[in-house]
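Working notes, structure below.
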Amino acid sequence: MPTALLVHAHSESDSFVTAMRDRIAQTLAGQGYAITHSDLYAMNFNPVLSPADFGQRSTPDHLVYALEQRHNFESGTLAADIVTEIEKIRAADLIVLTFPLFWFSVPAILKGWFDRVFISGTFYGGKTIYGRGGMAGKKACAAFSLGGREDMFGERGIHGPLVHGMMRHLFQGTLGYIGADVIEPFVAHNVPYQPLEVRSRCLDELAEYFSDLDNHPRIPIPDLDKFGPRFEPL
Ligand SMILES: Cc1cc2nc3c(=O)[nH]c(=O)nc-3n(C[C@H](O)[C@H](O)[C@H](O)COP(=O)(O)O)c2cc1C
């Protein structure tokens, strides 16, 4: 049975984003997925990467986060809350992020989950990025809501392209960078200004989207075969 890890970043149980998360869980369970959760606010997840994450220091005088992430994970001294999240990811075939767009980005609690959980060595390294990253063989997708209208985005929109521009840092720079097969996200525009029936229709479209997930386009990720040993273009 495939497993889907739902990583959720909204504090309110009656919010639209939480309704999206619940509908995704229901839809994927109907597709035969076992569902696991990282409900970041409910867990009171600490999003601030700091030296307190490391029980040991390989370089006591000068802290290099990436180095200590590797060293502490290998020696079993990485903070327990991080290890728990890494194990959940390892057990999952699909990771789904649900969040409201904050400042052209993800909420801080989710950004901090990436910072602390996607550790060097396990998820990425000098040469092990993109197709060779630690999430190779796993799928990732997101469903997010935002205040802006759809016509504010795209090549001619005031804010420019959303998924391939504003949010490229997430889809290519984070999920793609660590090797996931990144599926185009589901986007719910203009949510705070929509009446209940429009929101309800949007949840139906979301369910339809997740019932056919494998057939959606992928986010283009650089092909490492087109780059040399120092990532120079061939
Ligand atoms: C701190 C903060 C930053 C936000 N930044 C953006 C933004 O950059 N673009 C946008 O379209 N909406 C932005 N919004 C609006 C939220 O994305 C929107 O209210 C949310 O998606 C609604 O979902 P909810 O009803 O489940 O909370 C922001 C809201 C907050 C509170």
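In what follows, residues are counted from 1 in the order of the sequence shown.
Residue Val17 is not grouped with residue Leu110 when hydrophobic side chains (ILVMFWY) are merged at heavy-atom distances under 4.5 angstrom, including chains of intermediate members. Transitive grouping of hydrophobic side chains (ILVMFWY, heavy atoms separated by less than 4.5 Å) keeps Val182 and Tyr209 in distinct clusters. Note on Ile82 and Val48: separate hydrophobic clusters, where clusters join Ile, Leu, Val, Met, Phe, Trp and Tyr whose side-chain heavy atoms are under 4.5 Å apart, directly or indirectly.
Rounding to the nearest 0.5 Å places CG of Leu175 at 4.5 Å from CG of Leu170. Interatomic distance, Ile86 CD1 to Leu78 CG, rounded to the nearest 0.5 Å: 5.5 Å. Rounding to the nearest 0.5 Å gives a distance of 4.0 Å between CZ of Phe118 and CD1 of Ile178. The distance from the OG1 atom of Thr27 to the CE atom of Met20 is 12.0 Å, given to the nearest 0.5 Å. Separating the NE2 atom in His159 from the CG atom in Leu101 is a distance of 9.5 Å, to the nearest 0.5 Å. Atom-to-atom distance recorded for Gln69:CD and Ser120:OG is 6.0 Å, nearest 0.5 angstrom.
Between His8 and His37 the shortest side-chain heavy-atom distance does not fall below 4.5 Å. Using a 4.5 Å heavy-atom threshold, the side chains of Glu68 and Pro51 count as separate. Between Val187 and His189 there is a side-chain heavy-atom pair separated by less than 4.5 Å. For the pair Val96 and Phe210, the minimum side-chain heavy-atom distance is below 4.5 Å. Taking 4.5 Å as the limit, every side-chain heavy atom of Val7 sits out of range of all side-chain heavy atoms of Lys88. You'll find the side chain of Leu203 stays beyond 4.5 Å of the side chain of Arg199, heavy atoms only. Leu6 has its side chain out of reach of Leu97: every pair of non-hydrogen atoms, C-beta onward, lies at least 4.5 Å apart. Inter-residue side-chain proximity for Pro185 and Phe171 is flagged as met; some heavy-atom pair is nearer than 4.5 Å.
Between the side chain of Lys138 and the backbone N or O of Ala91, no donor-acceptor pair lies under 3.5 Å. Asn72 places a side-chain N or O within 3.5 Å of a backbone atom of Gln56 that can act as its donor or acceptor partner. Within the 3.5 Å criterion, the main-chain N or O of Ala52 finds a donor-acceptor partner in the side chain of Ser50. Remark: the backbone N or O of Thr3 is paired with a side-chain donor or acceptor of Asp93 at under 3.5 angstrom.
Aromatic pair Phe227/Phe231: ring centres not closer than 6.0 Å. Remark: aromatic rings of Phe54 and His71 are distant, center separation not under 6.0 Å. Taking the ring centroids of Tyr177 and Tyr130, they lie under the 6.0 Å cut-off.
Under the 4.0 Å criterion applied to side-chain N and carboxylate O atoms, Asp204 and Arg23 are assigned as salt-bridge partners.
Annotation for Ile109 and Ala9: closest pair CG2-CB, 3.9 Å, computed over non-hydrogen atoms.
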Can you check salt bridge (Lys or Arg N to Asp or Glu O under 4.0 Å) on Asp151 and Arg156, steps first, answer last?
CA-CA 9 Å; Asp151 59 59; Arg156 288 169 51 80; over 6 Å; no
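Within a 6.0 Å radius of CD in Glu150, no more than 12 heavy atoms belonging to other residues, nucleotides or ligands are found. Heavy atoms of other residues, nucleotides or ligands lying less than 6.0 angstrom from CZ of Arg70 number more than 12. Around atom NZ of Lys111, no more than 12 heavy atoms belonging to other residues, nucleotides or ligands sit under 6.0 Å away.
Within the cation-pi definition used here (under 6.0 Å to the ring centroid, within 45° of the axis), Arg116 qualifies as a partner of Phe45.
Listed by chain and residue number, nothing satisfies the side-chain hydrogen bond (donor to acceptor under 3.5 Å, both in side chains) test with Arg201 (two or more places apart in sequence, or in another chain).
Inspection of the Thr18 and Glu12 side chains reveals no N or O donor paired with an N or O acceptor under 3.5 Å. Between the side chains of Gln31 and Ser211, no donor-acceptor pair is found at a separation under 3.5 Å. With 3.5 Å as the limit, one finds a donor-acceptor pair spanning the side chains of His164 and Glu184.
Listed by first and then second residue, the side chain to side chain donor-acceptor pair (under 3.5 Å) pairs involving residues 216-234 are Asp181-Arg218 (not counting sequence neighbours).
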